[in-house]
Structure formats: structure tokens, C-alpha cells
Undergrad: 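One structure is given below, represented as C-alpha cells, and several questions about it will come after.
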Amino acid sequence: MSIYDTLNPPQREAVAQTEGPVLILAGAGSGKTRVLTHRIAYLMDEKGVNPWNILAITFTNKAAQEMRERVDKLVGFGSESIWVSTFHSACVRILRRHIDNLGYDTNFTIYDTDDQKSLMKDVCRKMNIDTKIYKERSLLAQISHAKDELLTPDDMEMKAAGDYNMKKVASVYREYQAALRKNNALDFDDLIVKTVELFEKCGAVLEYYQERFKYIMVDEYQDTNTAQFKFISLLAQRYQNLCVVGDDDQSIYKFRGANIGNILGFEHVFPDARVIRLEQNYRSTRNILNAANQVIANNTERKAKTLWTENEEGSKVHFRQFLNAYEEAEYVAGEIGKLKRNGLGNYRDCAILYRTNAQSRIFEEKFIAANIPYKLVGGVNFYARKEIKDLLCYLKTINNARDDLAVQRIINVPKRGIGATTLGRVQDYADNMGISLYEALRVAEEVPSIGRSLSKIDGFVTFIQMLKSKADVMTVEEILQEVIDSTGYVAELEAEDTEESRARIENIDELISKTVAYQEAMEEQNQSATLSGFLEEVALVADIDTVDPDQDYVLLMTLHSAKGLEFPKVFMVGMEDGIFPSHMTISYGDDGEMEEERRLCYVGITRAMKDLTLTCAQQRMIRGETQYNRVSRFVREIPRELVDLGHTIQEKKPKVEELIPTPAKYSKMKEILQGRNYKPREFKVTKANSLDYEVGDTVRHIKFGVGIVKEIVEGGRDYEVTVEFDKVGVKKMFASFAKLKKI
DNA sequence: AGTCACGGTGTTTTT
DNA sequence: CACCGTGACT
């Protein structure tokens, strides 16, 4: 009995077809991850392919990690030398080695959306562009779209022809790229674009990676854009062993440049491609799957297919309408509470899916009130918090002093008395001399009319220089700690002593833990932990990557974030025309956009394994005004016989004071929620109450093997444990990361 | 230099 | 509603 016997015939075919281009059309829940992992195992076990020669692209880091684990279970060796990563991480890894060929330093900075916006602001100011007419947001959006399509500023200008507006955008694009280059920075889209550029410019580099990646697999292929496709096809050109897996019905990222033509036209680009369809669903009950099939059947732009399942019929799809959003949320919280109390399931079995992030708030409120642990995925990123960004900008400055944006942010944080006027003068000087802001600061005595600020600037420069010189010998954690100590950042917050400042300190502690976790992860993979490595990881994590399947909490997230996941019990909330499908699509969208919304609905429905509940409200507050929405058209597309309507409208007749929160109640809730912004959002116990081992015990570490506990020091957030290992000597580690087992 | 209050504006979705 | 940027004031 081999591991491949558990696969169905088309799955087995997909696994065994290792040579040449392969397109796997994998319906929702048809076991595509199983196919991919078994295929990798097959390549290694049966075909003797060196894992070093395999590249697998996944959509999130979390998926990458899971895939690695599952391959490990199948083959038990060698999975660490497979490249499993997202497009972005793979490109960064390549660029870190070779981007000097394009005239950047290999320690380039990665700009997030905030950084892009401030850079664009600078660019507009310099170009005298009225940001009332040309909004930074929209300029960036247009540039991003151009990059998705691999269009350069020149291309854009040519395309513009007589179009004045587009010409203007093209010139902004050009300046924006120049500014990025000056700061030795890349934005998200550049990561892909520059890698393609590198491949096209340097034949030797491309050849190296073509030789290296003899077997390439791409997951969620329907959501790749033109640039990503180019990246992949360049790599696969030589050996043509390219296997892509996707489902055109789950393409939901058109707004971000995903090119559905990549999947629909695959056979055209690779004429000898083998096409394999996986249509048996193993995930959902028959009722849920039928509902999904019926909804998606309303789309015309698709490869026709019908998923089927041998699973049981299951309960009907529940639909409930409420008077308002409060009651909707209360019902959901109630149902989940009931489930847990009756021992019919855990919190982690449940997911709340909504169209927009703004909808999460009210569920958080009700979950807090009902004492239900939850984790919010998405929304405001941890790394976007002020205190975190400040500290990261110190690290960025130390790592890449050409990053003017980072220098600008921290030069007066904490207050050093270097104000806007002084900074403006230095910036002007830098611009005139064609040097970076930081270089100008280093020679500040040559900047005219600086006056008294000179000594303050000198202090700052000395401080950064000191850190730069130490950076090579210190760990990331030590550098961060040094920044915190020398700037007095935390000390200042401690002195403030408010609810908010305490929460900020907690966040900083968490950042410290993240540096430690990073160092340990690198150690485990036998790689060295570097500052730029850490900054890169920080830039590329998605919130979904931090979901811990061992924690028992309800997940709250957008339908987009839910892609690729599955849950026994799913609540799709806010099922109203104007919310989902969105107001934008209904009023301004074309058929294509409506079909994309419908695919999003299909994705949502097919996340559910056993139980699906759709809810909506008759009345809801949006941006300060009350809206009255009809039931979503998607709900009406599900045949009646598959739906359990309950009592059509939930006539709970709430007491007035329940419906409208009293001011006192309201402000209390607000306090809780604002506090939540600063406390870790999940109900995660970072620090165990006690450890199940003590000094003198023999323990096992997943990587280091067996050792004896020498010392346990209780820190604020965690225990620091010192262990003397038989093989690798004495190591210090944090208990919650090390997962030591007493033996 | 830094803080506060006001008014205008706007988000669908994200690596 | 909530955020951001601007402008006046300390």
C-alpha cells in the first residue's frame, strides 16, 4: 500500500504527470493541496528528483509552511531544501542576491502602502502637483496597475498618446520610480517587476535559476497577474516542467491585477499542456455544495464544470434576517456560545466572513460581551502601528541609510529639537548635492544657516553611526533593545503611564518577541539571522500567516482572506445588496465585476464543511447614516429547497435600551475596543502559567535534541530557559517558542 | 515646536 | 462614523 493509493484517478494522474506543462483545474475542496504535496513527494521518492530542484509557489506564507509540513510527513526528509514560498518572498530572495545588476544595493528596503503614500506625497510636492486633483491614492493605484502589466513609465507614456491625464500620470510614475531608486527601496509590485527585469537583463542569472528550478508548481494560479506569469514562464522556459493549479471560479483578485487569461489561456501558451480536472469535492455536505453550484451557475464567463460529492446531505443552509446589525451579531455570538456550551464544537471550528473589514467591529463587541475568544484577521496591521513603525524605521535606517523616508520619520522621535525648518534646509541641501538625507546630515556643518541645530543633528548622527558599527556583531534583538534603551522610547511611554502607553509597550514587547522568534526560526533552518532578513519578513507577512491552528478562537475575516481555508461552521454575514455585492459594483460596476463578486460568494460558501449560516439586517449604519438594504441577490440565487428560513424575520422585539446603546454603555464599549487595538487582539496566552519542566529535568527540543535544563528565568512576557544540549551545547531560549518536552 | 479643534472626505477586497 | 490634514493658538 503506497501513499498514492488514497488518491482518486484524476488526482493520481495529476501526481504522476511530472513532465511538461500541466494545468490542474481544481474545484473547491477537491484536494488540490493533497495533490500538490503528493506530487512533490512523488517527484522526490519515485523520480529521484533532488528537492533542491523544486519550486512551489503558494498564495500565503501560511500555506507555504503547511505545505512544507505535509511534505515532511509524506517523505520524512529533504523538505527543507524545497523552495516553498509566495511570489513576493521568492522574488525578494532572488533580488537580495542579484539586484546589484540593476543598480540597487542588495540591502534594499521594502516599502509598504504607508511608505508609498508618503513617498508619493514628496514626489507630488516636488512636481507641483495638486493632490486635490490627482490624489496620491489614485496615482499609486494607476502605477500599481501598470506594474502588474509590466508597463514602464515609457510604455505608459506611449500608450497615453494624446491623453493629457495619462501623460501626467506617466511622468509621476517616472519620478516615483526615481525616488524609490534614490532611497534604495522597492515597493510591493517592484519585487516582481524587478525580478523579471533582472531575468531579462542578465541571462546568466536567469539560466542559473532555470537550472535550479527544474520542477515548478504554482498554487492559486487563477489569481496571478501578468508580471507573475512572466516570472514563472521565464523560469519554466527551459525545462517546461510547470504545473499550475487553480479554479477560475475562485478568481477574486482582479482588482489587484489578477489576469484570468492566465488560466483560461494556459493551453494556448503551452499547446502541449496536459489538462486535468478535479471535480469531486471532499469538503462540504451535499446541500452546501449544491448551493454553491447554483450560485456560481449564474456566471457566464467560466469554464463549465459541476462539482459533486459523496458526502452526506447535511443540514440545510440557514438564512436569518434581523432588524439591525446588533441583533445579527448577537445571534451569531449566541449560536457560537451554544455550540461550545453543548460540546458540539470548538471556537476554532467557526469563522465569520464578511465583505468589508469595517463590518468586524460589531462582532468584536458582541464577542467581548459574550466572552467568546476571537481573532481578527486583517484590518489594521500590527506593523502599521505608530510605535512599531518608529522602531522599525530605526532598524531600516541602520540597515539602509539611503532610505530617506525612514530617516525623516525618526529624526525627531523622540524629540530632539530638530524641527521642520531645519529638516527642510538639510533636505534642500541634499537635493542640490544629489546625496541622501542621511549623508547630508553627516555633513550638516556644510549646510547653510543651520545654526544651533547642528549639535542636535550631530548627536543623532553619532548615535546612528554607533548602531551601524555594532550591527554586524549584534543580533537583531540586541540592536532593537539598544535602540529602545538609548532612545528612551519605552522609558518615555512608561512615564506617560496611561492605558494607551501601557498597551504600546506591550506591542513593543511583542516586537521583541518577534525578533527572537525570527532568530530561532533562522537557526532552525541553518540560516543566519540578519537585519535585512528580519525587516523583509516583517514586510511580507500577511495577517493570516499569524493564525495559530492550535489556539481555540473564532476567526473573523473578509471573504478574500478566507480563500484557501475551510471551517466546519461558517457564518457569512451582511448578506445584503449594497454590502455584498458591494454598492460600488451594483451602481458603477459592469457584468464582469458582478461576476467577480459572485465568485467571492462562491468562495465563501465553499469554505463551509458541515454548516453554513447566511445572515443579514434590514437596517444598518454605514458611514454615519442608516441604510435599508434588500436581501443579497446571491442569497436569492440559492434554491428555496436548500434553505432553512427559520422564522423569516427574527421578531425578538428588543427593548429600546438594548437597540440603542446608552451613552454610558457606548463609551464603555468604545474603551474596551480601543484598548483592544493596543492589546494583543487574540486571547492568546503568550506565557504559560507554569512550565511542565524545571531545572535539572531532561528535555527534548525539536531541533537541538536532548538536553538538561540549567536555568529558568522568569521574564515579563515569557520564561527564558537555559538548556545544555548533548549535541549543540548551551542554548538560551524562550519557553513559548522552544516548545520543550520533558522526557 | 507642539497641541487642539475643526471641517472635509471617504474604502470594497490585499501580497 | 472616523480618519486625516489644516490652521490657529499656546
Side-chain angles (χ1 to χ4, degrees), chain A residues 57-64 85-92 110-114 116-118 121 131-132 135-138 140-141 144 147-148 186-192 220 223-225 227-228 251-258 325 353-362 377-381 383-384 412-423 453 456 536 539-545 557-564 574 578-589 593-594 596-597 599-601 603-604 620-627 666 670 673-674 677:
Chain A
I57 300 282
T58 56
F59 204 67
T60 62
N61 295 298
K62 180 170 177 269
S85 71
T86 63
F87 274 105
H88 295 268
S89 320
C91 287
V92 169
I110 301 166
Y111 275 1
D112 65 20
T113 328
D114 280 355
Q116 290 184 9
K117 227 171 141 190
S118 17
K121 223 179 190 168
T131 50
K132 290 251 156 59
K135 303 238 162 55
E136 292 100 327
R137 258 180 55 86
S138 109
L140 283 167
S144 172
K147 289 183 178 180
D148 289 341
L186 302 185
D187 66 17
F188 269 121
D189 304 312
D190 276 345
L191 296 178
I192 318 288
E220 305 286 4
D223 284 316
T224 52
N225 63 32
Q228 290 166 333
S251 163
I252 55 175
Y253 280 105
K254 179 132 181 266
F255 73 94
R256 160 178 122 179
L353 308 182
Y354 36 78
R355 179 66 237 267
T356 67
N357 283 306
Q359 291 168 256
S360 67
R361 263 259 165 65
I362 200 161
V377 179
V380 205
N381 195 311
Y383 294 102
N412 209 24
V413 177
K415 309 229 162 18
R416 295 190 175 87
I418 305 173
T421 334
T422 309
L423 196 58
S453 308
K456 293 164 184 162
E536 154 191 328
L540 296 180
V541 286
D543 213 5
I544 193 79
D545 298 334
M557 65 186 127
T558 61
L559 288 152
H560 282 91
S561 302
K563 189 169 80 152
I579 304 283
F580 186 33
S582 78
H583 164 68
M584 278 304 204
T585 310
I586 295 175
S587 309
Y588 310 107
E593 276 171 67
M594 188 55 80
E596 175 138 325
E597 294 273 311
R599 290 193 291 270
L600 192 55
C601 182
V603 167
R620 127 179 4 245
M621 279 276 258
I622 306 260
R623 290 225 291 278
E625 53 190 317
T626 307
Q627 279 187 7
Y666 179 76
K670 200 165 166 176
L673 275 170
Q674 286 188 337
N677 268 326

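Proteins get letters first, then strands, A, B, ... in listed order; numbering begins at 1 in each. Everything numeric in this text was worked out from a predicted model, so none of it was measured.
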Undergrad: A/Arg256 and A/Asp148: salt bridge (charged side-chain N to carboxylate O under 4.0 Å, His left out), yes or no, with the steps?
TA: CA-CA 8 Å; A/Arg256 160 178 122 179; A/Asp148 289 341; over 6 Å; no
Undergrad: Output the rounded distance in Å from CE (A/Met557) to P (B/dT14).
TA: 11 Å
Undergrad: To the nearest angstrom, how far is A/Phe255 atom CZ from B/dT13 atom C1'?
TA: 4 Å
Undergrad: Are the side chain of A/Asp545 and the backbone N or O of A/Asn61 linked by a donor-acceptor pair below 3.5 Å?
TA: yes
Undergrad: Using a 4.0 Å heavy-atom cut-off across all strands, classify A/Thr421 as base, sugar-phosphate, or nothing.
TA: sugar-phosphate
Undergrad: Can you measure from CZ (A/Phe188) to OH (A/Tyr111) and round to the nearest 0.5 angstrom?
TA: 13.5 Å
Undergrad: Starting at CZ of A/Arg623 and ending at P of C/dC1, how long is that distance when rounded to a whole Å?
TA: 14 Å
Undergrad: Provide, to the nearest angstrom, the distance between the CD1 atom belonging to A/Ile252 and the C1' atom belonging to B/dT13.
TA: 8 Å
Undergrad: Roughly how many Å is it from NZ in A/Lys135 to P in B/dT11, rounded to a whole number?
TA: 8 Å
Undergrad: Would A/Ile252 and A/Asp223 count as a side chain to side chain contact (heavy atoms under 4.5 Å, CB included) here? Give the steps.
TA: CA-CA 7 Å; A/Ile252 55 175; A/Asp223 284 316; 4.3 Å; yes
Undergrad: Does A/Thr60 reach a base, just sugar-phosphate, or nothing at all? Heavy atoms under 4.0 Å.
TA: nothing
Undergrad: For DNA chain B, whose closest nucleotide is more 5', that of A/Met584 or that of A/Phe188?
TA: A/Met584
Undergrad: Work out how far the P atom of C/dC4 is from that of B/dT13, and round it to whole angstrom.
TA: 15 Å
Undergrad: Would you mind telling me which of B/dT15, C/dC1, B/dG2 lies closest to the side-chain atoms of A/Met621?
TA: C/dC1
Undergrad: Could you state the atom-to-atom distance from CG of A/Asn61 to P of B/dT15 in whole Å?
TA: 9 Å
Undergrad: Given B/dT14, is OP1 or OP2 found less than 4.0 Å from the side-chain N or O atoms of A/Asn357?
TA: yes
Undergrad: Take atom CD of A/Gln359 and atom P of B/dT11, then tell me their distance rounded to the nearest Å.
TA: 17 Å
Undergrad: Answer with base, sugar-phosphate or nothing: what part of the nucleic acid does A/Tyr253 contact at a heavy-atom distance below 4.0 Å?
TA: sugar-phosphate
Undergrad: What's the separation between atom NE2 in A/His88 and atom CD1 in A/Ile57, rounded to the nearest 0.5 Å?
TA: 10.0 Å
Undergrad: Say we look at C/dT6 and B/dT11: how far apart would their C1' atoms be, to the nearest angstrom?
TA: 23 Å
Undergrad: Just the table, please: protein N/O against nucleotides 4-9 of chain C N/O, every pair under 3.5 Å.
TA:
unit_1, atom_1, unit_2, atom_2, d
C/dG5, OP1, A/Lys121, NZ, 3.0

Undergrad: Base, sugar-phosphate, or nothing for A/Glu597, non-hydrogen atoms under 4.0 angstrom?
TA: base
Undergrad: Have a look at A/Asp189 and tell me which of A/Asp187, A/Leu186, A/Leu191 forms a side chain to side chain contact (heavy atoms under 4.5 Å, CB included) with it.
TA: A/Asp187
Undergrad: Hey, is the side chain of A/Thr558 poking within less than 4.0 Å of OP1 or OP2 on B/dT14, counting only N and O atoms?
TA: yes
Undergrad: Taking atom C1' of B/dT14 as reference, at what distance in whole Å does atom CG of A/Asp545 sit?
TA: 12 Å
Undergrad: So, is A/Arg256 near the phosphate of B/dT15, with a side-chain N or O under 4.0 Å from OP1 or OP2?
TA: no
Undergrad: Mind checking if A/Ser582 touches a base, just sugar-phosphate, or nothing, with heavy atoms under 4.0 Å?
TA: base
Undergrad: Could you check whether the rings of A/Tyr588 and A/His583 sit parallel, tilted or perpendicular, using 30° and 60° as the cut-offs?
TA: perpendicular
Undergrad: Just how far is it from atom CZ of A/Arg620 to atom CD1 of A/Ile362, taken to the nearest 0.5 Å?
TA: 7.5 Å
Undergrad: Under 4.0 Å, counting only non-hydrogen atoms across every strand here, what does A/Asp189 touch: a base, just sugar-phosphate, or nothing?
TA: nothing
